[in-house]
Amino acid sequence: MPIRHRSATFLAILALVLSGHVLSPPATAATAYNSHRGPNYTDRAVLTFDDCPRSLSSYESVLEYAEEENLGLVLAPTGDCVTRFREEEDEDIVLLARSYGQYVINHSIHHRDLRKLSCAGVAAELRAPGVVTNFGRPPFGGINKTVLCGYQRAKMQPWLWTVNPRDFLGKSRSEVVDYVVANGRKGSTIIMHMQWRGFSPRALDLMKDGLAAKGIKLCRAYGGATGRITTAPAKLPARLPC
């Protein structure tokens, strides 16, 4: 563009700003990160599960179902949980889940309230033997400036949730499923826990069908959008390929 045209354009923009008009950001501007939706920028809902499964067999049954149905779950085990299964079952549940095309994020080592720690203390809680990756869920959803400092130091983004059926209160499978179906929306991040009643093939099947009846699809496994599920990477894409 000739210099005189660039100058004219600049002056026109400046005149708009000075006159009180607010210019809209360009269409190509990146969408701001929303910690409640995480890296899911699609209209598909994401089912996420924190903490620790009751057994290896229950964990494997969910992974097998998810692969069969092309569902991409987000699993957030604690470092203590990962250590337990390595020591008691000689199984790395993080690598196992990824081999099924599932997404695994950090949930700290000891499930402490990170708001009570220093920035360095938070960062230490986000390292091995916890899940080493680029997204993590702070226990209890606890966020403050110090917690954010620790996440930045660990080069990790916090990922919270938009729907919480509070399955940890001991709710029945039907209560958890009904809540998820009633409150799930396009783009939702739904939080549950691996040791409670939403974490089973039957519960997942009911949630999938109930949400589908409302026109809401679930996130697909890694590679599932192309029809070929592959091992999920240790670091999640900045935009989840749901």
Side-chain angles (χ1 to χ4, degrees), residues 24-51 62-63 65-67 69-76 97-98 100-107 131 133-143 147-148 151 156-168 171 175-194 196 198-199 203-227 229-230 232-233 235-242:
S24 299
T28 56
T31 304
Y33 179 73
N34 181 330
S35 63
H36 292 277
R37 286 194 55 163
N40 177 24
Y41 292 85
T42 74
D43 61 1
R44 290 176 178 260
V46 182
L47 301 180
T48 73
F49 294 89
D50 290 2
D51 297 350
V62 167
L63 297 180
Y65 170 84
E67 183 185 48
E69 296 296 323
N70 192 12
L71 298 183
L73 309 177
V74 174
L75 306 177
R98 288 174 179 156
Y100 280 85
Q102 304 306 302
Y103 307 100
V104 187
I105 65 174
N106 183 280
H107 194 40
V131 180
T133 184
N134 54 338
F135 287 93
R137 176 166 293 148
F140 317 109
I143 289 281
V147 173
L148 291 175
Y151 269 82
M156 194 178 293
Q157 289 271 37
W159 186 357
L160 303 178
W161 59 84
T162 61
V163 177
N164 183 1
R166 297 171 69 83
D167 57 339
F168 56 84
K171 292 183 178 181
E175 287 176 318
V176 174
V177 169
D178 289 348
Y179 188 96
V180 169
V181 172
N183 293 278
R185 301 288 184 270
K186 291 182 177 181
S188 289
T189 290
I190 302 165
I191 181 178
M192 290 171 280
H193 300 80
M194 287 183 270
W196 293 105
F199 194 69
L204 291 175
D205 199 53
L206 291 170
M207 286 185 270
K208 175 178 68 69
D209 290 347
L211 290 170
K214 295 173 56 177
I216 301 171
K217 297 179 181 180
L218 292 174
C219 188
R220 292 167 289 200
Y222 189 72
T226 65
I229 297 174
T230 57
K235 290 188 177 181
L236 275 61
R239 290 175 175 264
L240 216 60
C242 283

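- Side-chain N or O atoms of Asn40 include one that pairs as donor or acceptor with a backbone N or O of Arg44 at under 3.5 Å.
- For residues 211-223, there are no side-chain hydrogen bond (donor to acceptor under 3.5 Å, both in side chains) pairs, not counting sequence neighbours.
- Annotation for Ile216 and Gly184: closest pair CD1-O, 3.3 Å, computed over non-hydrogen atoms.
- For the atom pair CG (Leu73) and CG (Leu63), the distance works out to 7.5 Å, reported to the nearest 0.5 Å.
- Side-chain contact check for Leu47 versus Leu218: some heavy-atom pair is nearer than 4.5 Å.
- The shortest side-chain heavy-atom distance between His107 and Asp51 falls under the 4.5 Å cut-off.
- At a threshold of 4.5 Å between non-hydrogen side-chain atoms, the residues Leu240 and Cys219 count as touching.
- In this structure, the side chains of Thr48 and Trp161 stay at 4.5 Å or more apart for every pair of heavy atoms.
- What you find for Val180 and Pro165 is that their closest heavy atoms are CG2-CG, 4.0 Å.
- Between Ala238 and Pro39 the shortest heavy-atom distance is O-CB, 3.3 Å.
- Nearest heavy atoms, Cys242 versus Thr42: CB-OG1, 3.7 Å.
- Between the CG atom in Asn134 and the CG atom in Leu236 there is a gap of 5.5 Å [rounded to 0.5 Å].
- Taking 4.5 Å as the limit, every side-chain heavy atom of Arg137 sits out of range of all side-chain heavy atoms of Val74.
- Partners of Leu160 according to the side-chain contact (heavy atoms from CB on, under 4.5 Å) rule, which considers only residues two or more places apart in sequence or in another chain, are Ser35, His36, Pro138, Ile143.
- For the residue pair Ala182 and Arg185, the shortest heavy atom distance occurs at O-NH1, 3.1 Å.
- Arg37 is linked by a side-chain hydrogen bond (donor to acceptor under 3.5 Å, both in side chains) to nothing, counting only residues two or more places apart in sequence or in another chain.
- Partners of Thr162 according to the side-chain hydrogen bond (donor to acceptor under 3.5 Å, both in side chains) rule, which considers only residues two or more places apart in sequence or in another chain, do not exist here.
- The side-chain heavy atoms of Tyr65 and Leu71, taken from C-beta on, include a pair separated by under 4.5 Å.
- Below 30°, between 30° and 60°, or above 60°: for Tyr33 and Phe135 the angle between ring planes is between 30° and 60°, a tilted geometry.
- Between Val176 and Trp196 the shortest side-chain heavy-atom distance does not fall below 4.5 Å.
- Distance check: Arg98 CZ to Leu75 CG gives 10.5 Å after rounding to the nearest 0.5 Å.
- The side-chain hydrogen bond (donor to acceptor under 3.5 Å, both in side chains) check on Glu69 picks up nothing, with sequence neighbours excluded.
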Side chain to side chain contact (heavy atoms under 4.5 Å, CB included) between Tyr179 and Val163, worked out:
CA-CA 9 Å; Tyr179 188 96; Val163 177; 3.9 Å; yes

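- Atom CG of Asp167 and atom CE of Met194 lie 11.5 Å apart (nearest 0.5 Å).
- Rounded to the nearest 0.5 Å, atoms OG (Ser188) and CG (Leu211) are 8.0 Å apart.
- Between Ala66 and Gln102, the shortest heavy-atom distance links the atoms CB-NE2, 3.7 Å.
- To the nearest 0.5 Å, atoms CZ (Phe49) and CD1 (Ile191) are separated by 10.5 Å.
- Not a single salt bridge (Lys or Arg N to Asp or Glu O under 4.0 Å) links Asp43 to another residue, sequence neighbours left out.
- Between Val62 and Tyr100 the shortest side-chain heavy-atom distance does not fall below 4.5 Å.
- Put simply, the side chain of Asp50 never gets that close to the backbone of His193: no donor and acceptor are under 3.5 Å apart.
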